[in-house]
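Reading through the structure tokens given below for one structure.
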Amino acid sequence: MIADKNRPQHSSNIYPKILLIDDVQLNLIAVETLLKPLQAEIITANNGNLGLAKALEHDDIALILLDVNMPEMDGFEVARLLNDIQETANIPIIFLTASQPNEQHQLQAYKNGAVDYILKPLNPDVLISKVKIFINIWTMHFNMEQEIARRIIAEQEIEHLAMHDPLTQLPNRWHIHESMTQAISRAKRLNGKLAVLFLDLDGFKKINDELGHIAGDLFLKEISARFKRNIRSFDLIARYGGDEFIIVLTDIDDTLSLTNKLTKLTQAAAKAIYWHGKEMQAGVSIGVSLYPEHGTDSGSLIHCADNAMYQAKQAGRNTFRFYTQSLNDALQRKILLETHLRKALEFGELEVYYQPIVDTNTGEVIGAEALLRWFNKQLGTIAPDEFIKIAEDIGIIHQLGIWVLKEAVKVMQLHPLLSIAINVSALQFNNDQLIDAIQDYLAKGVIQARQIVVEITEGILLENTNQVQQRLECIKNKGVLLSIDDFGTGYSALSYLKRCPVNLLKIDRSFIIGVPDDRENATLIKGIIAMAHALGMQVVAEGVETAEQWLFLRELNCNTSQGYHFSPPLSLTQFNQYLKNSSSESASLQSQIRMPS
Ligand code: C2E
Ligand code: MG
Ligand code: MG
């Protein structure tokens with residue numbers, strides 16, 4: 001078909017309709033033939049009633065060409081009726097008439113929606129031009145409506161996108177605050193309770209890292225579908241972040257049903273998902289806060305649930321924890337410590353103390369353990385058991401460790417015959433920085449390998465990965481002594497010890513307490529010392545507080561000892577003084593021995 005420039009340009013393939021109403025069949029055929037080239041569908045009716053029926057039946061009628069002179073119902077009557085019916089009232093009508101109607105008729109016709117007259121016999125050009133105008137009007141109107149509809153849909157889509165997570169189609173973090181606010185005001189009105197669950201997947205990062213993002217996305221979709229299946233239609237669920245979800249359980253009746261629900265959610269998350277023959281498995285840690293007990297707005301309820309979630313993580317994952325005030329206090333303190341700890345090094349609030357370690361047999365100082373101290377004007381003295389963990393959490397442990405090493409190296413240079421033990425946490429051990437720094441000091445000849453002891457915990461050995469093994473070997477090959485701190489509190493199997501290149505076992509203080517009277521501890525210590533010696537390791541006892549304990553350890557050939565009985569941890573000045581005193585003591589002891597009787 002040749003394109004006609006005069007044809008209306010439609011944005012879609014929908015054409016308008018032209019309804020012809022004329023009682024003379026020949027007229028219908030003639031007009032239809034004339035209008036055929038236009039982009040319109042022609043509908044015909046050969047009487048008024050049928051015309052009305054067709055006008056009602058069809059949408060998109062751009063124009064009605066209506067014969068005036070018809071038996072039974074004339075054109076004016078049809079126009080009046082069309083005008084009375086809501087659905088057809090706005091369809092323009094052109095009358096076809098053999099004679100010019102009188103003025104009264106014309107007026108009446110205009111009132112009833114007629115827009116024009118065409119006199120018969122029809123002039124084809126006039127007819128086509130007039131019809132084209134109405135087709136164009138209809139098309140413009142149609143396009144406008146389409147555009148409006150498109151915009152409404154686009155706006156709805158934008159709103160949906162802004163409020164939903166594209167992957168899981170769940171409401172997102174902005175949306176959940178809005179719906180939570182509604183749920184809270186409803187609960188307030190009805191005196192109801194809400195449980196806000198903060199869910200964080202355990203081990204999702206591993207899935208993403210090892211199997212890739214496609215697998216990760218699939219996993220998230222499946223997990224969110226499972227969560228959804230485990231809640232009721234009127235509960236709320238949202239994806240809050242990467243692998244974080246919020247669920248709000250409404251109409252909470254009792255704690256038992258709530259804990260049952262929580263158990264179900266953890267079970268649902270822990271079930272494996274298979275993807276291309278690979279098993280993907282995670283778990284979920286859930287923190288729970290309650291309305292109205294823990295907060296009355298979405299922000300604080302989510303915050304409390306988030307805090308409780310961290311407790312769940314620490315409790316061993318794939319479990320849940322309820323928010324408590326004491327948890328809040330602990331968190332407040334943690335935040336306070338975090339803030340100050342970041343500045344502690346810069347503000348000179350840190351100091352390394354040295355606790356002497358003696359030869360158990362002679363009581364002679366052979367070394368010391370470097371122990372970090374933090375004093376803050378506002379917070380006072382903070383124990384390392386508390387702040388080392390925080391330093392790990394905020395990532396400054398490596399910086400602190402290197403600083404402790406630097407301080408300890410100064411002492412090693414000052415006292416070349418002593419060996420100084422430094423504590424290295426699992427996180428530090430799994431990072432190159434500290435080990436590299438030690439190697440650097442050794443390579444530059446600043447210190448000798450035997451001057452430094454690296455104290456690690458049993459946990460590191462339990463990991464027993466190739467990387468751990470390599471690091472241990474590497475340190476040992478340099479001639480640095482490796483010591484297992486707090487031995488006996490972890491789960492070290494003897495088999496591990498045999499395989500690990502460890503030189504020293506440091507028996508945990510908890511075993512020393514109560515010996516020699518505590519038979520059980522006494523037996524354990526005997527066993528540990530015998531085993532260590534059999535494996536070619538030396539034994540250090542920590543927390544030696546009494547002369548009896550010392551004697552007991554001496555009898556068992558425990559190599560070295562450390563504890564308040566000999567000295568508490570000392571500042572560097574005190575430590576230097578202590579060394580001076582103890583060397584003059586041993587000198588006088590020596591001279592007494594040499595004195596002739
Ligand atoms: P640890 O390595 O087991 O250190 C021994 C802890 O026992 C020290 O506590 C010491 O003050 C204490 N202690 C020593 N003798 C006795 C005694 O006779 N009786 C009693 N009741 N306690 C005694 P401190 O200094 O509070 O350190 C606690 C822990 O913090 C250390 O345990 C160590 O694991 C960690 N730590 C300390 N400094 C550092 C450091 O520079 N880096 C790392 N990663 N951890 C450190
Ligand atoms: Mg230690
Ligand atoms: Mg210890």
Side-chain angles (χ1 to χ4, degrees), residues 1-4 6-101 105-106 108-143 145-146:
M1 207 210 281
I2 300 162
D4 178 352
N6 296 322
R7 278 185 180 166
Q9 297 298 304
H10 293 258
S11 62
S12 75
N13 288 329
I14 297 173
Y15 295 149
K17 292 160 190 160
I18 310 282
L19 175 57
L20 307 179
I21 308 174
D22 199 317
D23 59 314
V24 182
Q25 192 63 27
L26 272 176
N27 285 349
L28 288 177
I29 294 168
V31 176
E32 195 176 358
T33 312
L34 283 174
L35 299 183
K36 216 168 201 163
L38 302 183
Q39 281 192 328
E41 186 186 329
I42 314 295
I43 307 160
T44 55
N46 57 9
N47 63 57
N49 273 322
L50 194 60
L52 283 171
K54 293 216 168 168
L56 270 171
E57 181 191 333
H58 292 272
D59 291 328
D60 307 324
I61 297 178
L63 178 67
I64 297 175
L65 293 171
L66 181 56
D67 183 26
V68 173
N69 292 316
M70 290 189 292
E72 290 165 32
M73 198 194 293
D74 69 6
F76 298 126
E77 180 62 7
V78 176
R80 195 182 59 76
L81 289 170
L82 283 169
N83 193 49
D84 285 349
I85 303 167
Q86 201 192 339
E87 288 85 343
T88 55
N90 292 323
I91 306 174
I93 299 166
I94 293 181
F95 281 118
L96 306 177
T97 174
S99 57
Q100 187 74 39
H105 263 129
Q106 272 188 18
Q108 190 59 38
Y110 285 133
K111 268 191 198 159
N112 290 336
V115 289
D116 206 353
Y117 279 89
I118 301 180
L119 289 175
K120 289 181 183 176
L122 298 170
N123 175 331
D125 290 337
V126 172
L127 175 73
I128 289 172
S129 318
K130 289 194 174 178
V131 169
K132 267 186 181 171
I133 291 170
F134 288 95
I135 292 177
N136 281 341
I137 291 172
W138 181 91
T139 306
M140 265 154 42
H141 188 248
F142 176 80
N143 287 345
E145 275 185 344
Q146 291 273 300

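The first residue in the sequence is number 1, and the count goes up from there. Scope of the values below: all heavy atoms of this structure, side chains included, with no hydrogens, waters or symmetry mates.
- Taking both residues in full, the closest heavy atoms of Val115 and Phe134 are given as CG2-CZ, 3.3 Å, listed atom of the first, atom of the second, then distance.
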Query - Residues Glu57, Ile43; criterion side chain to side chain contact (heavy atoms under 4.5 Å, CB included); working and verdict - result: CA-CA 11 Å; Glu57 181 191 333; Ile43 307 160; over 6 Å; no
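- Across Ala55 and Leu82, no two heavy atoms sit closer than the pair CB-CD2, 3.6 Å.
- With sequence neighbours excluded, the residues that form a side chain to side chain contact (heavy atoms under 4.5 Å, CB included) with Leu119 are Thr97, Gln100.
- Legend: ring pair (Phe, Tyr, Trp, His ring centres under 6.0 Å) pairs involving residues 19-50, not counting sequence neighbours: none detected.
- The CG atom of Asp60 sits 10.0 Å away from the CD1 atom of Ile91 when rounded to the nearest 0.5 Å.
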Report task. Might you work through the side chain to side chain contact (heavy atoms under 4.5 Å, CB included) test for Asn47 and Asp23, ending with a clear yes or no? Result -> CA-CA 5 Å; Asn47 63 57; Asp23 59 314; 5.8 Å; no
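- Among residues at least two apart or in separate chains, ring pair (Phe, Tyr, Trp, His ring centres under 6.0 Å) pairs with a member in residues 69-98 are Phe76-Phe95, Phe76-His105, Phe95-Tyr117.
- Among all heavy-atom pairs drawn from Val78 and Gly48, the shortest one is CG2-CA, 3.5 Å.
- Every residue meeting the side chain to side chain donor-acceptor pair (under 3.5 Å) condition with Asn27, not counting sequence neighbours, appears here in chain and number order: Asp22.
- Looking at Leu52 and Met73, their side chains come closer than 4.5 Å, going by heavy atoms from C-beta outward.
- In terms of heavy-atom proximity, Leu50 sits nearest to Asn46 at CD2-OD1, 3.8 Å.
- With rounding to the nearest 0.5 Å, the separation of CD in Glu41 from NE2 in His58 is 7.0 Å.
- Partners of Lys130 according to the side chain to side chain contact (heavy atoms under 4.5 Å, CB included) rule, which considers only residues two or more places apart in sequence or in another chain, are Ile94, Asp116, Ile118, Val126.
- For Pro124, the side chain to side chain contact (heavy atoms under 4.5 Å, CB included) partners are Leu34, not counting sequence neighbours.
- Here Ile64 contributes atom CD1 and Lys54 contributes atom NZ; the two are 12.5 Å apart, rounded to the nearest 0.5 Å.
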Requested in this report: I would like to know whether Ile135 and Leu63 meet side chain to side chain contact (heavy atoms under 4.5 Å, CB included); could you show each step before the answer?
Outcome: CA-CA 8 Å; Ile135 292 177; Leu63 178 67; over 6 Å; no
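- Counting heavy atoms from C-beta on, the side chains of Lys132 and Leu38 come closer than 4.5 Å.
- Leu20 pairs by the side chain to side chain contact (heavy atoms under 4.5 Å, CB included) definition with Ile18, Leu28, Val31, Glu32, Leu35, Ile42, Thr44, Leu65, not counting sequence neighbours.
- A distance of 4.0 Å separates CD in Gln39 from OH in Tyr15, rounded to the nearest 0.5 Å.
- Residues Gly51 and Ile21 approach most closely at CA-CD1, 3.6 Å, considering heavy atoms.
- For residues 80-92, the pairs satisfying salt bridge (Lys or Arg N to Asp or Glu O under 4.0 Å) are Glu77-Arg80, Arg80-Asp84, with sequence neighbours left out.
- Within the structure, salt bridge (Lys or Arg N to Asp or Glu O under 4.0 Å) pairs that include any residue of residues 65-76 comprise Asp67-Lys120 (at least two apart or interchain).
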